[in-house]
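What's counted below: heavy atoms across the whole structure, side chains too, no hydrogens, waters or symmetry copies. First listed ligand is number 1; within each ligand, the first listed atom is number 1.
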Amino acid sequence: MKRTALITGATSGFGEAIARRLATECYDLILAGRRQERLEALKTELEANGDVKVLTLCFDVRSYEDVEKNLGHLPDEWKKVDVLINNAGLAVGLAPIHEGNVDDWERMIDTNVKGLLYVTRVISPGMVERCSGHIINIGSIAGREVYPNGNVYCATKHAVRALSQAMRLELVPYGIRTTLIAPGAAETEFSLVRFKGDGQRADTVYQGFEPLTAQDIADTVSYVLSAPAHVDLQDILIMPTAQAAATVFHKE
Ligand code: NDP
Ligand code: 8X3
């Protein structure tokens with residue numbers, strides 16, 4: 001039977017790879033992000049290639065009003081969201097606390113923490129009503145460890161971890177599964193965004209070792225969703241083989 005998955009941050013990186021993967025696995029997809037042309041291109045590609053229906057929604061997760069307008073009034077055939085993947089997020093800047101850029105801090109807190117909360121607040125009541133559903137939150141190794149100059153990004157991912165634990169505790173009576181997937185270094189547009197478009201600096205992050213790929217995270221999501229109904233993979237840390245901790249890499 002077809003199920004519906006909502007993926008935030010589907011215009012690039014993990015979200016886009018997860019969309020491609022779930023399109024082959026009996027899911028119809030609600031794809032969200034701010035870049036409309038990318039959402040449309042992905043919808044066209046996925047619908048041309050397979051038996052999948054795609055609804056694209058272009059909004060900023062930082063605005064509760066926009067989240068509610070887009071997700072609180074879904075067309076009837078899209079109302080039953082079986083799987084929510086809270087993936088939209090970003091790091092902006094890498095600076096010690098005494099030199100931090102307050103706008104960067106606000107972007108990270110508003111997107112990674114408040115955005116995840118807004119989307120969950122609008123989608124989870126339907127899951128509670130139906131007594132079924134699965135929420136997958138994309139955390140990070142930065143949600144388990146703090147590294148120098150990562151201060152606020154690490155704090156937001158620690159918050160994602162706390163909120164994932166809270167969701168698990170509060171949604172267990174309704175048969176809703178929750179999963180936190182916490183990746184280490186993965187090569188996506190993440191570092192390009194962190195370094196505000198400086199591609200050369202972004203490339204240096206992934207030099208000398210083999211990072212995770214977006215496909216690795218899509219595979220993990222697929223595995224999590226394929227577990228039998230009585231199994232909840234609650235907390236997954238997935239690292240490149242060459243990365244043992246946030247700042248410990250084996251580089252050639
Ligand atoms: P990308 O930059 O490739 O993708 C980020 C996605 O988030 C984009 O689709 C972007 O869409 C969306 N997004 C960002 N801000 C907003 C917003 N305000 N409203 C709506 N959508 C938004 O990075 P990744 O795929 O790597 O990142 C995905 C998640 O994984 C993030 O939460 C990140 O923190 C986390 N992560 C990444 C790791 C890595 O090393 N790459 C490791 C661990 C965790 P658009 O710009 O179109 O809005
Ligand atoms: C992204 C991985 O180590 O840059 O969450 O914080 S890291």
Side-chain angles (χ1 to χ4, degrees), residues 6-20 31-42 56-64 66-67 70-71 85-94 104 106-119 136-161 163-164 180-197 199 201-202 204-206 209 211-218 220-221 236-240 243-249:
L6 162 59
I7 305 168
T8 67
T11 55
S12 106
F14 297 170
E16 185 179 354
I18 295 165
R20 289 213 168 86
L31 303 181
R34 290 169 302 176
R35 286 169 286 183
Q36 176 77 43
E37 25 358 296
R38 288 202 186 191
L39 289 172
E40 287 313 317
L42 189 55
T56 61
L57 296 174
C58 187
F59 63 91
D60 190 323
V61 297
R62 291 174 293 178
S63 160
Y64 182 69
D66 287 354
V67 170
N70 280 277
L71 297 178
I85 303 176
N86 278 317
N87 165 72
L90 77 181
V92 202
L94 194 64
D104 292 349
E106 284 173 354
R107 275 180 71 191
M108 290 187 275
I109 293 166
D110 289 352
T111 308
N112 301 356
V113 183
K114 291 164 73 178
L116 177 145
L117 279 170
Y118 294 162
V119 172
I136 298 178
N137 294 325
I138 304 297
S140 171
I141 180 66
R144 294 174 189 241
E145 295 176 41
V146 178
Y147 52 85
N149 303 328
N151 42 60
V152 174
Y153 178 68
C154 295
T156 66
K157 289 299 181 178
H158 275 69
V160 170
R161 191 172 192 209
L163 291 170
S164 300
L180 174 67
I181 298 177
E187 192 164 8
T188 61
E189 293 180 14
F190 177 85
S191 291
L192 194 63
V193 172
R194 169 170 256 174
F195 299 126
K196 303 180 181 178
R201 191 171 175 201
T204 62
V205 173
Y206 308 107
F209 75 106
L212 297 172
T213 64
Q215 188 57 49
D216 295 323
I217 307 310
T220 308
V221 167
I236 297 176
L237 176 65
I238 169 170
M239 302 288 280
Q243 183 185 12
T247 56
V248 179
F249 291 83

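A distance-only check finds no donor-acceptor pair linking the side chain of Thr56 to the backbone of Glu40 [under 3.5 Å]. Asp66 places no side-chain N or O within 3.5 Å of a backbone atom of Asp60 that could act as its donor or acceptor partner. Listed for the Lys157 side chain is a donor-acceptor partner under 3.5 Å among the backbone atoms of Ile138. Under a 3.5 Å cut-off, the side chain of Glu145 and the backbone N or O of Ala245 do not form any donor-acceptor pair. Under the 3.5 Å distance criterion, the side-chain polar atoms of Thr111 are left unmatched by any main-chain donor or acceptor of Gly89. Remark: the backbone N or O of Thr8 is paired with a side-chain donor or acceptor of Asn87 at under 3.5 angstrom.
Of the protein's non-hydrogen atoms, the one nearest atom 41 (N) of ligand 1 is Ala186 O, 3.0 Å. Nearest protein heavy-atom neighbour of atom 23 (O) of ligand 1: Thr188 OG1, 3.5 Å. With hydrogens left out, the protein atom closest to atom 48 (O) of ligand 1 is Arg34 NE, 2.6 Å, a heavy atom. When hydrogens are left out, the protein atom nearest atom 43 (C) of ligand 1 is Pro183 O, 3.3 Å; that is the closest non-hydrogen contact. Remark: minimum distance from atom 4 (O) of ligand 1 to any protein heavy atom is reached at Ser12 OG, 3.2 Å. The closest protein non-hydrogen atom to atom 22 (C) of ligand 1 is Ala88 CB, 3.8 Å. In terms of protein heavy-atom proximity, atom 6 (O) of ligand 2 is closest to Tyr147 OH, 2.6 Å. Among all protein heavy atoms, the one lying closest to atom 25 (O) of ligand 1 is Phe14 N, 2.8 Å. Closest to atom 5 (C) of ligand 1, if we only count protein heavy atoms, is Gly89 O, 3.6 Å.
Note: an N/O pair closer than 3.5 Å links Gly9 and ligand 1 by distance alone. Where the criterion is an N or O separation shorter than 3.5 Å, residue side chain and backbone included, Ser140 meets it with respect to ligand 2. Between Tyr153 and ligand 1, at least one N/O pair is under 3.5 Å apart. At a 3.5 angstrom cut-off on N or O pairs, Ile138 does not count as close to ligand 1. Annotation: Val61 places an N or O atom under 3.5 Å from an N or O atom of ligand 1; distance criterion only. Among the atoms of Lys157, some N or O lies under 3.5 angstrom from an N or O of ligand 1.
The side chain of Ile141, and not its backbone, has at least one atom closer than 4.0 Å to an atom of ligand 2 (non-hydrogen atoms only; side chain from C-beta on). Contact annotation for Ala10 and ligand 1: only backbone heavy atoms (N, CA, C, O) come within less than 4.0 Å of the ligand. Of the heavy atoms in Arg194, only side-chain atoms (C-beta onward) come closer than 4.0 Å to ligand 2.
Counting only heavy atoms from C-beta outward, the side chains of Val205 and Phe190 never approach each other to under 4.5 Å. Counting heavy atoms from C-beta on, the side chains of Tyr153 and Asn112 come closer than 4.5 Å. Contact check for Leu6 versus Leu71: side-chain heavy atoms found under the 4.5 Å cut-off. Residues His158 and Val146 form a side-chain contact, since some pair of their non-hydrogen atoms from C-beta on lies under 4.5 Å apart. Using a 4.5 Å heavy-atom cutoff, the side chains of Val61 and Asn86 are not in contact.
Glu189 and Arg35 are joined by a salt bridge, as a carboxylate oxygen and a charged side-chain nitrogen come within less than 4.0 angstrom of each other.
For atom 29 (C) of ligand 1, the choice among Asn87, Ile85, Thr11 with the nearest heavy atom turns out to be Asn87.
Each of the following atoms of ligand 1 lies closer than 4.0 Å to a heavy atom of Gly184: 40 (O), 42 (C). Annotation for ligand 1: atoms under 4.0 Å from non-hydrogen atoms of Gly139 are 43 (C), 44 (C). For ligand 1, the atoms lying closer than 4.0 Å to a non-hydrogen atom of Gly13 are 3 (O), 25 (O). Of all atoms in ligand 1, numbered sequentially from 1 with element shown, those under 4.0 Å from a heavy atom of Asp60 are 17 (C), 18 (N), 19 (N). Short contacts between ligand 2 and Ala142, defined as distances under 4.0 Å to a heavy atom of the residue, involve ligand atoms 6 (O). For ligand 1, the atoms sitting less than 4.0 Å from at least one non-hydrogen atom of Glu189 are 2 (O), 3 (O), numbered in the order shown with element in parentheses. Here is the list of ligand 1 atoms found below 4.0 Å of a heavy atom in Thr111: 15 (N), 16 (C), 18 (N).
With sequence neighbours left out, the ring pair (Phe, Tyr, Trp, His ring centres under 6.0 Å) criterion links Phe59 to no other residue. Under the side chain to side chain contact (heavy atoms under 4.5 Å, CB included) criterion, Ala182 pairs with Arg144, Leu237, sequence neighbours left out.
For the ligand labelled ligand 1, residue Ala185 lies inside the 4.0 Å heavy-atom shell. Heavy atoms of Ala32 come nearer than 4.0 angstrom to ligand 1 in no pair at all. Heavy-atom distances between Ala17 and ligand 1 stay at or above 4.0 Å for every pair.
Across every non-hydrogen atom of Asp216 and Thr213, the tightest pair is OD2-N, 2.7 Å. In plain terms, the two heavy atoms of Ala19 and Leu31 that are nearest each other are CB-CD2, 3.7 Å.
Interatomic distance, Arg194 CZ to Leu94 CG, rounded to the nearest 0.5 Å: 5.0 Å.
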